[in-house]
Amino acid sequence: METKMPLVNGKYLLKNAEKFKYGQAAFNVNFVDQIDAAIEIHEIMHAPLLIQVADPALGFFAGVYDFKNSTIEDKKRGAKLVADYVINKAKDTKIPIALHLDHGRNFEVCKACVDAGFTSVMYDGSSLSFEENITNTIEVVEYAKKYDVSVEGELGVLAGVEDDVRAESSTYTNPIQALEFAEKTKIDYLAISYGTKHGSNKGKDVNLSTEIVIAIRELFLFNNVDCQIVSHGSSTIPRYLVKDLSKYGMDIENTEGIKIEQIKKAIRSGINKINIDTDIRMATTRNLLEMFEKDESYKLNKYYKFVYEYLMDNRGDFDPRSSLKPFMNEAIEGFSDKDKCIKDAIKKAVYEIMSQIIVEFNSLGKI
């Protein structure tokens, strides 16, 4: 790939994934140390990087303790902080990097991210009527295109819970509606529902309906619609991570992910972008628990004590944004050498999960 730094738009990465037939993973981040580690591992593996930040996580980056209820002003501040950080880091790398907003809940949040310097945004109107979803998505597209920012839309509903996105059951995407939606909104890529599920428990033996992916891809090609296809709720939840966390006392024994072969089949069928979040959260929390197991003194440290006690009191919550709330400043500033043990726990989780995904999705060496 030939690209201009510091950031590229998301369409650039997805077009290359489509052309060279690999899956472009989109990794959610919540700490700048995760951003550093993501760039480092992608440089080592010569792979393009798509970093994404979920709507509520903008508040976390802004230092809001109750980040899931952060205001638009909080999110504007968080968007600017994370965009400035990623842009500055991208100046010193040769790999192409795009910065994406995941599950933007309204126009104001999408606009805040465009204004801050994000190069890709998602407006999620999947819970609305088809007509209202189109109208709202068009508003985002018209604004974003002025700044060469790519836009992702969503059609169909995924079951499960992820931050403030939740639904009891899935509604699969209708391929005919997908074509109409893409034609009317002029989005760059479309997130579809085809059997994946948000959250950590996807259910056993999930069999993705790749026929839906193929039908949408064929309709797009036949009608000359340049729109790539996105898979949400695609974390694989490696069994070894579940066993590790259970060993350290977490209550997640029944957690199930999407089997990697199913995701690879979906990529071959026409999926171009695959969102990965839960796996990194789980690996981070496993590393934190391992840290306490290896050195009991950390449990008595006045700064780390909250982390351990939170995890023991909330054995089903492996989101490090919950257990690491005392370190809100470090989310955007990075952990110092004083807290190297936590910094290592965060970064090693990124190396572990992202390196596996880069190889499995065949994006190794694709810069």
Side-chain angles (χ1 to χ4, degrees), residues 1 8-27 47-50 52 96 98 100 102-103 120 122-124 126 133 137 141 150-158 170-198 202 206-236 257-277 357-366:
M1 297 182 189
V8 301
N9 64 34
K11 184 75 169 180
Y12 175 85
L13 295 187
L14 268 65
K15 287 284 287 182
N16 277 283
E18 181 180 59
K19 179 179 178 180
F20 297 108
K21 302 187 186 309
Y22 64 88
Q24 177 63 60
F27 296 108
L49 172 59
L50 205 167
Q52 60 183 26
H100 176 72
D102 188 28
H103 286 293
S120 179
M122 176 196 184
Y123 169 69
D124 182 1
S126 59
N133 191 0
T137 303
V141 170
S150 306
V151 178
E152 175 181 333
E154 182 165 3
L155 194 61
V157 178
L158 270 67
S170 296
T171 303
Y172 282 9
T173 304
N174 181 314
I176 300 298
Q177 282 194 327
L179 175 62
E180 182 182 353
F181 188 85
E183 287 182 323
K184 287 184 175 179
T185 61
K186 310 298 182 188
I187 52 171
D188 295 290
Y189 20 95
L190 176 67
I192 66 169
S193 175
Y194 69 113
T196 56
K197 184 177 179 182
H198 285 305
K202 321 288 186 184
V206 172
N207 188 23
L208 301 181
S209 297
T210 51
E211 297 85 359
I212 294 174
V213 181
I214 293 168
I216 293 172
R217 169 57 55 216
E218 291 299 315
L219 283 169
F220 284 175
L221 289 172
F222 186 79
N223 290 277
N224 295 313
V225 173
D226 182 14
C227 181
Q228 283 67 53
I229 307 177
V230 177
S231 179
H232 284 229
S234 307
S235 289
T236 62
I258 307 292
K259 287 183 170 55
I260 194 70
E261 289 305 320
Q262 285 283 312
I263 300 296
K264 290 163 76 171
K265 180 182 178 183
I267 292 169
R268 294 192 296 272
S269 301
I271 291 289
N272 306 117
K273 172 176 176 275
I274 307 95
N275 289 9
I276 303 292
D277 184 5
I357 295 296
I358 289 167
V359 172
E360 293 285 6
F361 290 2
N362 197 32
S363 61
L364 179 70
K366 294 298 194 300

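Note: hydrogens, waters and symmetry copies are ignored here, and every other heavy atom, side chains too, is used.
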Engineer: List the steps, then state whether side-chain contact (heavy atoms from CB on, under 4.5 Å) holds for Tyr22 with Asn16.
Structural biologist: CA-CA 8 Å; Tyr22 64 88; Asn16 277 283; 3.7 Å; yes
Engineer: Between Ile216 and Tyr194, does the side-chain contact (heavy atoms from CB on, under 4.5 Å) criterion hold? Intermediate values first, please.
Structural biologist: CA-CA 11 Å; Ile216 293 172; Tyr194 69 113; over 6 Å; no
Engineer: Main chain of Ile267, side chain of Ser269: is a donor-acceptor contact present, judged purely on distance under 3.5 Å?
Structural biologist: no
Engineer: Within the structure provided, determine whether Thr137 and Lys184 are in side-chain contact (heavy-atom separation under 4.5 Å).
Structural biologist: no
Engineer: For Phe181 versus Leu155, what's the shortest heavy-atom pair and its separation?
Structural biologist: CB-CD2, 3.9 Å
Engineer: Knowing that exactly one of Ile276, Asp277, Leu50 qualifies, which makes a side-chain contact (heavy atoms from CB on, under 4.5 Å) with Phe27?
Structural biologist: Ile276
Engineer: Parallel, tilted or perpendicular: which one describes the rings of His100 and Tyr189, with boundaries at 30° and 60°?
Structural biologist: tilted
Engineer: With side chains defined as the heavy atoms from C-beta onward, is the minimum distance between Leu179 and Phe222 less than 4.5 Å?
Structural biologist: no
Engineer: Quick check for you: to the nearest 0.5 Å, what is the distance between Leu190 atom CG and Lys273 atom NZ?
Structural biologist: 11.0 Å
Engineer: Of the non-hydrogen atoms in Ser126 and Gly156, which two are nearest, and what is the gap between them?
Structural biologist: CB-O, 3.3 Å
Engineer: Does some side-chain heavy atom of Ser193 sit less than 4.5 Å from a side-chain heavy atom of Thr171?
Structural biologist: no
Engineer: Restricting to non-hydrogen atoms, name the atom on Glu183 and the atom on Asn223 that form the minimum distance, rounded to 0.1 Å.
Structural biologist: OE2-CB, 4.0 Å
Engineer: For the atom pair OG (Ser120) and CG (Leu14), what is the distance rounded to the nearest 0.5 Å?
Structural biologist: 8.0 Å
Engineer: As an exercise, state the distance from CG of Leu208 to OG1 of Thr196, rounded to the nearest 0.5 Å.
Structural biologist: 6.5 Å
Engineer: Just by distance, with hydrogens left out, do Arg217 and Asn272 show a side-chain donor and acceptor under 3.5 Å apart?
Structural biologist: yes
Engineer: Looking at His103 and Glu154, what are the two nearest heavy atoms and their distance?
Structural biologist: CE1-OE1, 3.4 Å
Engineer: Hey, could you give me the OG/CG distance between Ser363 and Leu49, rounded to the nearest 0.5 Å?
Structural biologist: 9.5 Å
Engineer: Check for a donor-acceptor pair, side chain of Gln52 on one end and backbone N or O of Asp102 on the other, with a separation under 3.5 Å.
Structural biologist: no
Engineer: Listed by chain and number, what are the side-chain hydrogen bond (donor to acceptor under 3.5 Å, both in side chains) partners of Thr173, not counting sequence neighbours?
Structural biologist: none
Engineer: Please report the interatomic distance OH(Tyr123) to CG(Asn133), rounded to the nearest 0.5 Å.
Structural biologist: 6.0 Å
Engineer: Taking Gln228 as the fixed residue, which of Glu152, Lys15, Glu18 is the one that meets the side-chain hydrogen bond (donor to acceptor under 3.5 Å, both in side chains) rule?
Structural biologist: Glu18
Engineer: Is the shortest side-chain heavy-atom distance between Gln24 and Lys366 below 4.5 Å?
Structural biologist: no
Engineer: Please report the interatomic distance NZ(Lys264) to CD1(Ile258), rounded to the nearest 0.5 Å.
Structural biologist: 15.0 Å
Engineer: Mind listing the closest non-hydrogen atom pair of Ile357 and Ala25 along with its distance?
Structural biologist: CG2-CB, 3.6 Å
Engineer: Identify the heavy atoms of Asn9 and Tyr12 that sit nearest to each other, and give their distance.
Structural biologist: OD1-N, 2.9 Å
